[in-house]
Asks: 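This is the structure I have questions about; it appears just below.
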Amino acid sequence: MGCALSGSGITPGKTVPESKRHSLAESQMASKAGLEHGSDRPGAVPFPLADTQKERIQESWRILHDNIARVGIIVFIRLFETHPECKDVFFLFRDIDDLQQLKMNKELRAHGLRVMSFIEKSVARLDQEDKLEQLAFELGRSHYRYNAPPKYYEYVGIQFISTVQPILKERWTPEVEEAWQSLFKYLMAAMKQGYYEEEEKSGSIQSLALRKPGTGSILNSI
Ligand code: HEM
């Protein structure tokens, strides 16, 4: 599976970096939470989970694990129902409008499974904060290359929570919900940092490449 720009590392047509287009309110919130991109790594994103919260996540994951294929697909179908623009990122199935048909699509299933396997890895690394953060950070970097911007990530967490709730039935409690919400918030913050770092890197490479001879190109000084 891939998106229009998957793997190219280049995002044509992006002139204003996404990071520069944030609302003031968003940047202030990020700043208050210490989540601005550009912070020193590792440990740039404060780890929010207490030991009891980790246990709640691990316990519920043991049940969810048997349902990963189903959860992965439902999360993304609901994401496309509520935010159809997200589908445009996936060039292999963006032209399929019938969501029932899309449920059977093997590329969508594959992406659903990849997302779930990332969550599984995250659950397995709850006691290794640096590794967990690095994992999410790298995923954010690759999502810049997939042209999947951060504003969409939190929708995935919301849909994940509403999908797993009926599977866990009475095991789903406000405390379990809070633990999962904190985990997603943390992972999304690290993913966003990875995305912005990749964007900045790619922006500076592009601006170097775009400089004309005689207008300050570093090549002129060599
Ligand atoms: C919690 C949020 C998300 C997680 C955990 C996640 C996870 C993943 C993973 C594990 C991969 C496999 C490739 C890799 O490791 O780099 C992947 C690929 C990809 N993701 Fe996501 N993703 C998320 C959100 C999104 C969103 C919101 C979009 C689009 C709007 C998206 C679009 C893509 C695309 C186009 C690919 C490449 C094609 C593919 O592998 O299927 N992702 N994602």
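For ligands, and for the atoms within them, numbers begin at 1 and follow the listed sequence. None of the values given here were measured: they were computed from a predicted structure.
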Asks: Who's closest to atom 22 (N) of ligand 1 heavy-atom-wise, of Gln159, His143, Glu154?
Replies: His143
Asks: Can you check which of Leu79, Val115, Asp88, Val89 brings a heavy atom nearest to atom 7 (C) of ligand 1?
Replies: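 The option holding the nearest heavy atom is Val115.
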Asks: Which residues pass the side-chain contact (heavy atoms from CB on, under 4.5 Å) test with Ser162, not counting sequence neighbours?
Replies: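 Ser162: side-chain contact (heavy atoms from CB on, under 4.5 Å) contacts with Arg78, Gln159.
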Asks: Which atoms of ligand 1 have any heavy atom of Ala148 under 4.0 Å away?
Replies: 28 (C), 29 (C), 31 (C), 32 (C)
Asks: Is any NZ, NE, NH1 or NH2 atom of the basic residue among Glu198 and Arg145 found under 4.0 Å from an Asp or Glu carboxylate oxygen of the other?
Replies: yes
Asks: Got a sec: does the CD of Glu178 have more than 12 other heavy atoms crowding it under 6.0 Å?
Replies: no
Asks: Return the option from Phe93, Phe91, Phe80, Tyr152 holding the heavy atom at the smallest distance from atom 27 (C) of ligand 1.
Replies: Tyr152
Asks: Could you go through Glu197 and Gln193, starting from their C-alpha distance and side-chain angles, then the distance that decides it, and tell me whether this counts as side chain to side chain donor-acceptor pair (under 3.5 Å)?
Replies: CA-CA 6 Å; Glu197 186 176 294; Gln193 288 198 344; over 6 Å; no
Asks: Met188 heavy atoms, cut-off 4.0 Å: which ligand 1 atoms fall inside?
Replies: 1 (C)
Asks: Which bit of Tyr155 gets closer than 4.0 Å to ligand 1, counting heavy atoms only: side chain, backbone, both or neither?
Replies: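 Contact part for Tyr155 vs ligand 1: neither.
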Asks: Heavy-atom distances under 4.0 Å are what count here, so tell me which part of Leu139 touches ligand 1: side chain, backbone, both or neither.
Replies: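 Side chain only.
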Asks: Between Tyr152 and His83, does the ring centroid distance fall short of 6.0 Å?
Replies: no
Asks: Any atoms of ligand 1 less than 4.0 Å from a non-hydrogen atom of Phe90? List them with their elements.
Replies: 28 (C), 29 (C), 31 (C), 32 (C), 33 (C), 34 (C), 35 (C)
Asks: Looking at non-hydrogen atoms alone, which of Lys121, His111, Arg114 comes nearest to atom 40 (O) of ligand 1?
Replies: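 Heavy atom nearest to atom 40 (O) of ligand 1 belongs to Arg114.
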Asks: Does a donor on one side chain sit under 3.5 Å from an acceptor on the other, for Trp180 and Ser60?
Replies: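 There is such a pair (donor and acceptor under 3.5 Å, judged by atom type) between the side chains of Trp180 and Ser60.
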Asks: In the structure I gave you, are the side-chain heavy atoms of His143 and Leu139 within less than 4.5 Å of one another anywhere?
Replies: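 A side-chain contact under 4.5 Å exists here.
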Asks: Would you kindly specify which portion of Cys86 sits under 4.0 Å from ligand 1, judged on non-hydrogen atoms: side chain, backbone, both or neither?
Replies: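 The answer is both.
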